[in-house]
J.: 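What follows is a structure written as structure tokens; I'll ask about it next.
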Amino acid sequence: MEELKRAVAKEALKFIEDDMIVGLGTGSTTAYFIEYLGKLIMEEELEDVYGVPTSYQSRMLAIENGVPVLGLDEVDAIDIAVDGADEVDPQLNLIKGRGAALTMEKIIEYRAGTFLVLVDESKLVESLGQKMPVPIEVIPAAWRAIAEEIEVFNATAELRMASKKDGPVVTDNGNFILDARFHRIEDPLDLEIELNNIPGVVENGIFADIADIVLVGTKEGVKRLER
Ligand SMILES: O=C[C@H](O)[C@H](O)[C@H](O)COP(=O)(O)O
């Protein structure tokens, strides 16, 4: 599995050119990409490339690996964003947010000229929600009310608990995460919009209609899916 992640991360480097502003995703697959990108920058094979991190994790990795970083408020545009995903359906709709970074990821990836997704073949599903719950970032005081309201969608929501801290996971933005399991997600775009309409919801992990290219690591090599 790690080999497949490394292979897609290497392939993603082919999309990066001098003078690009690159959105840096979060997670284990993107971590390889940031490492390799830093190497090319340090070896001066790429010039004037800047990263815009989507989380503390990607910011720390970028700094550690020699990728200069800028905040979203310091750039005019993002040429390309590169990130992993938890599920990818045949229309290239995604579920993201296992690492609780979904809000900044969506803010940056929505604005990128190209959104490039890196996954291994285990992430491909027939329909979203097949394996993974939909993470929803919520204002802490509203978590219980929202968890109850989610039941209207024929779903159950669970507050995500931390493993190296007592109590719930707190996101980079200071919020909580609900993991919602839906019986069936018929229309990802519709559900994405409806969830964001609930007061107290900051953002949800359905990324419908925004991925441009998905690189899939398979045992037979890297495959490219395009919308
Ligand atoms: O919040 C985390 C992100 O959405 C990740 O990009 C996603 O969970 C994929 O991570 P990984 O590449 O580690 O499977």
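Each ligand, and each atom within it, is numbered from 1 in the order the structure gives. Computation of the quantities below employed the complete heavy-atom set of this structure, encompassing side-chain atoms and omitting hydrogens, waters and symmetry-equivalent molecules. Keep in mind it's a predicted model, so treat the numbers as computed, not measured.
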J.: Distance-only check: which donor-acceptor pairs under 3.5 Å involve side-chain atoms of residues 138-149, not counting sequence neighbours?
T.:
unit_1, atom_1, unit_2, atom_2, d
Arg144, NE, Glu148, OE2, 3.4

J.: Going by atom types only, do Asp212 and Thr114 share a side-chain donor-acceptor pair under 3.5 Å?
T.: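 On atom types as modelled, these side chains do not qualify, holding no pair under 3.5 Å.
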J.: Please say whether the positively charged group of Lys5, taken as NZ for Lys or CZ for Arg, lies over the ring of Tyr32, i.e. under 6.0 angstrom from the six-membered ring centre and within 45 degrees of the axis.
T.: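 That pair does not qualify as a cation-pi contact.
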J.: We want to know whether Glu35 and Asn65 form a side-chain donor-acceptor pair, criterion being a heavy-atom distance below 3.5 angstrom.
T.: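 No, because no side-chain N or O of Glu35 sits under 3.5 Å from a partner of the opposite role on Asn65.
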J.: Near ligand 1, which residues have a heavy atom under 4.0 Å away from one of its atoms?
T.: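 Ligand 1 pocket, heavy atoms under 4.0 Å: Thr26, Gly27, Ser28, Thr29, Asp83, Gly84, Ala85, Asp86, Lys96, Gly97, Arg98, Gly99, Ala100, Ala101, Glu105, Lys123.
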J.: Following the transitive rule for hydrophobic clusters with a side-chain heavy-atom cut-off under 4.5 Å over Ile, Leu, Val, Met, Phe, Trp and Tyr, establish whether Ile95 and Ile198 coincide in one cluster.
T.: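 Yes, it is one cluster - the side chains of Ile95 and Ile198 are joined through contacts under 4.5 Å.
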J.: Judged by modelled atom types alone, do Asn204 and Glu192 share a side-chain donor-acceptor pair under 3.5 Å?
T.: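 No, because no side-chain N or O of Asn204 sits under 3.5 Å from a partner of the opposite role on Glu192.
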